[in-house]
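All residue numbers refer to positions in the sequence shown, counting from 1. Atoms within each ligand, like the ligands themselves, are counted from 1 in listed order. Predicted model, so just to flag it, every value in this text is computed and none were measured.
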Amino acid sequence: MANEDFYTEAMAAIRACDREKATDVATRALAAGVAPDDMLKLGFIPGIAKMGDLFERGEVFLPELVLAADAMTGAADVCNAALPEGAGQKKATVVIGTVQGDVHDIGKTIVVAFLRANGYDVHDLGRDIAADKFISKAEEVGAEVIGMSALLTTTMREQIRVLEALNEAGLRDKYKVIVGGGASTQQWADKIGADAYAEDANDGVRKINQLTGN
Ligand code: B1M
């Protein structure tokens, strides 16, 4: 079976909101030698993005989006687990989470897996995370980088809150701050004074390498 056939099947499984099919095609594709990041980038991510478009156009509704997200999570778990473990000494410590009010965590979890595979010690706070939690965790674990994901235009502003809280605590210079997720852009990162923006998981690794001198 050609890689493209696996990608097509992956998209169809997400469109069908079928977790079993999605995890099954992920498992078969990996067994056939398809790279886990290709499976995500060329199969599952376009599949869930398509569901987002259909949702926006009123052609699918929230219950289907929830089921499609569940299928996507199952498939991403299989792909993320297949990424190689970063070997040797950890490059740097990163605290990451999805900001308060936002429950979108599939992309953030992929970024976490990519960072771990690339040798970072990552503390994943999860989703719907308040500003003070990012900071207290970063202080607790001695992080160099704080990463914030936000997918909603309404929750992007939470990224500003974290930067403000860092400033108020006199800690802004202690951390490199990176933002990402559907609603974020480089322009937005510049505007709010973040140190970097990443478009996808590979770019996240690249930017954090730059921020930490790795
Ligand atoms: Co929602 N949702 N959703 N949703 N959802 C979007 C974001 C939306 C664009 C859909 C649409 O209308 N087209 C829209 C937002 C519109 C806007 O604000 N402009 C939307 C909406 C409106 C909503 C609700 C408000 C719907 C409602 O209730 N009426 C609601 C909000 C809930 C809340 O958060 N309070 C809601 C709920 C949900 C579900 C729960 C059903 C589910 C999320 C499940 C979950 O995550 N566990 C869901 C989903 C699945 C989506 C879409 C379809 C897909 C998101 C996704 O997982 N993409 C999304 C449409 C879309 O994105 N096209 C949509 C795949 C993922 C791999 O990509 O997250 O972008 P992404 O991550 C990428 C990069 O962005 C980057 O790397 C990742 C890997 O390549 N990246 C980072 C991400 N974080 C990073 C951090 C970094 C660096 C890079 O450094 C820190």
Side-chain angles (χ1 to χ4, degrees), residues 10-11 14-15 17 19 22 36-77 79-80 83 94-115 117-118 120 122-129 134 138 143-159 162-163 175-186 188-189 192 194-212:
M11 283 183 247
I14 299 299
R15 177 66 187 92
C17 306
R19 184 181 178 114
D37 44 342
D38 283 346
M39 216 34 215
L40 284 166
K41 196 172 169 184
L42 302 170
F44 291 113
I45 294 178
I48 193 75
K50 171 85 182 155
M51 286 304 278
D53 293 344
L54 293 172
F55 175 71
E56 205 172 359
R57 298 208 300 263
E59 289 176 38
V60 303
F61 298 97
L62 196 56
E64 281 167 284
L65 197 60
V66 171
L67 290 174
D70 183 53
M72 175 75 193
T73 301
D77 284 350
C79 295
N80 289 340
L83 291 167
V94 180
V95 164
I96 190 167
T98 302
V99 298
Q100 190 160 38
D102 199 324
V103 303
H104 296 87
D105 65 354
I106 295 170
K108 181 267 302 160
T109 305
I110 293 173
V111 174
V112 168
F114 272 57
L115 285 170
N118 281 276
Y120 285 93
V122 186
H123 295 260
D124 182 2
L125 297 170
R127 57 192 187 176
D128 191 15
I129 301 302
F134 281 95
E144 284 96 324
V145 180
I146 295 177
M148 294 179 272
S149 185
L151 262 81
L152 299 171
T153 40
T154 47
T155 56
M156 286 167 78
R157 299 194 58 76
E158 283 298 319
Q159 296 173 336
V162 175
L163 287 159
Y175 299 103
K176 298 293 183 192
V177 176
I178 178 166
V179 295
S184 311
T185 58
Q186 182 61 55
W188 171 251
I192 67 175
D195 298 297
Y197 156 74
E199 184 180 7
D200 58 23
N202 272 323
D203 194 30
V205 172
R206 203 163 34 241
K207 296 285 170 56
I208 291 179
N209 282 343
Q210 284 165 8
L211 291 176
T212 57

- Query: At a 4.0 Å cut-off, with the gap strictly under it, does some heavy atom of G204 reach an atom of ligand 1?
  - Reply: no
- Task: Return yes when at least one protein heavy atom is under 4.0 Å from atom 91 (C) of ligand 1, and no when none is.
- Result: yes
- Using distance alone, decide if ligand 1 has a nitrogen or oxygen within less than 3.5 Å of any nitrogen or oxygen in T73. no
- Item | Minimum heavy-atom distance M51-V60, with the two atoms named | O-CG2, 3.8 Å
- Do the side chains of I96 and H123 get nearer than 4.5 Å, heavy atoms only? no
- Short check: is a protein heavy atom less than 4.0 Å from atom 74 (C) of ligand 1? yes
- Message: Less than 4.5 Å apart, side chain to side chain, heavy atoms only: is that true for F55 and L62?
- Response: yes
- Message: Measuring from atom CE of M72 to atom CD1 of I45, what distance do you get when rounded to the nearest 0.5 angstrom?
- Response: 5.0 Å
- Message: Is there a side-chain contact between T212 and Y120 in this structure, where contact means two heavy atoms from C-beta onward sitting under 4.5 Å apart?
- Response: yes
- Report, in ascending order of atom number, the atoms of ligand 1 lying under 4.0 Å from any heavy atom of R127. 47 (N)
- Query: Purely on distance, is any nitrogen or oxygen of V66 under 3.5 Å from one on ligand 1?
  - Reply: no
- Query: Considering only heavy atoms of I178, which atoms of ligand 1 have at least one such atom less than 4.0 Å away?
  - Reply: 91 (C)
- Query: Just which atoms of ligand 1 are under 4.0 Å from any heavy atom in V111?
  - Reply: 77 (O), 81 (N), 82 (C), 85 (C), 89 (C)
- Query: How far is atom 34 (O) of ligand 1 from its nearest protein heavy atom, and which residue and atom name does that atom have?
  - Reply: V103 N, 2.7 Å
- Task: Indicate, as side chain, backbone, both or neither, the part of L62 found under 4.0 angstrom from ligand 1 when only non-hydrogen atoms are considered.
- Result: side chain
- Message: So for ligand 1, is A198 a polar contact partner (N or O within less than 3.5 Å, distance only)?
- Response: no
- Message: Do V177 and V162 have side chains that approach each other closer than 4.5 Å (heavy atoms only, starting at C-beta)?
- Response: no
- Note on the structure: In terms of heavy-atom contacts, S184 and A150 come closest through OG-O, 4.1 Å
- Item | Least distance between heavy atoms, W188 atom then Q159 atom | NE1-OE1, 2.7 Å
- Got a protein heavy atom sitting under 4.0 Å from atom 6 (C) of ligand 1? yes
- Message: Tell me if a side-chain donor or acceptor on N118 pairs with a main-chain N or O of F114 at a distance below 3.5 Å.
- Response: yes
- Tightest non-hydrogen contact, residues M11 and P46, listed as SD-CB, 4.1 Å
- Message: Please report whether ligand 1 has a polar contact with D53, defined as an N or O pair separated by less than 3.5 Å (distance criterion only).
- Response: no
- Query: Should you measure from each heavy atom of M148, which atoms of ligand 1 turn up under 4.0 Å away?
  - Reply: 91 (C)
- Task: Would you mind checking which non-hydrogen protein atom is closest to atom 61 (C) of ligand 1, with the distance to 0.1 Å?
- Result: A49 CA, 4.6 Å
- Note on the structure: In this structure, atom 65 (C) of ligand 1 is nearest to the protein heavy atom I48 CG2, 3.4 Å
- Which heavy atom of the protein is the closest neighbour of atom 86 (C) of ligand 1, given with residue, atom name and distance? G180 CA, 3.7 Å
- Message: With a 4.0 Å cut-off on heavy atoms, is E199 in contact with ligand 1?
- Response: yes
- Residue portion contacting ligand 1 (non-hydrogen atoms closer than 4.0 Å) for D200: both
- Query: Which atom pair, heavy atoms only, marks the closest approach of L83 to A113?
  - Reply: CD1-CB, 3.6 Å
- Message: Taking the side chain as everything from C-beta on, heavy atoms only, tell me whether H104 gets closer than 4.5 Å to S149.
- Response: no
- Query: Got a protein heavy atom sitting under 4.0 Å from atom 41 (C) of ligand 1?
  - Reply: yes
- G147 neighbourhood, listing ligand 1 atoms whose heavy-atom distance to it stays under 4.0 Å: 91 (C)
- Query: So do E144 and K176 actually touch side chain to side chain, heavy atoms under 4.5 Å?
  - Reply: no
- Message: Tell me the protein heavy atom at minimum distance from atom 84 (N) of ligand 1, and give that distance in Å.
- Response: S149 OG, 2.8 Å
- Note on the structure: The closest protein heavy-atom partner of atom 72 (O) of ligand 1 is G107 CA, 3.3 Å
- Query: If you count the atoms of ligand 1 from 1 in the order shown, which ones are under 4.0 Å from a heavy atom of G182?
  - Reply: 70 (O), 75 (O)
- Query: Quick one: does L67's side chain get under 4.5 Å of E64's, heavy atoms only?
  - Reply: no
- Item | Atom indices of ligand 1, in the order listed, that fall short of 4.0 Å to a heavy atom of D102 | 34 (O)
- Give the residue, atom name and distance (to 0.1 Å) of the protein heavy atom nearest atom 45 (C) of ligand 1. D105 OD1, 3.4 Å
- Task: For atom 1 (Co) of ligand 1, state how many protein N, O or S atoms fall inside a distance shorter than 2.8 Å.
- Result: 1
- With a 4.0 Å cut-off, would you call D203 and R206 a salt bridge? yes
- Item | Sole candidate of D37, D105, L40 that passes side chain to side chain contact (heavy atoms under 4.5 Å, CB included) when paired with I110 | L40
- Task: Could you check atom 17 (C) of ligand 1 against the protein and tell me its nearest heavy-atom contact, residue, atom and distance included?
- Result: T153 OG1, 3.7 Å
- Is atom 67 (C) of ligand 1 less than 4.0 angstrom from some protein heavy atom? yes
- With atoms numbered from 1 as shown, which atoms in ligand 1 lie under 4.0 angstrom from a non-hydrogen atom of A201? 77 (O), 79 (C), 80 (O)
- Query: So, do R127 and V99 sit near enough that their side-chain heavy atoms are less than 4.5 Å apart?
  - Reply: no
- side-chain contact (heavy atoms from CB on, under 4.5 Å) partners of A143, counting only residues at least two apart: T93, V95, A138, V141, Y175
- D102 (side chain) donor-acceptor with L151 (main chain) under 3.5 angstrom: yes
- Is D124 salt-bridged to K108, going by a charged N under 4.0 Å from an acidic O? yes
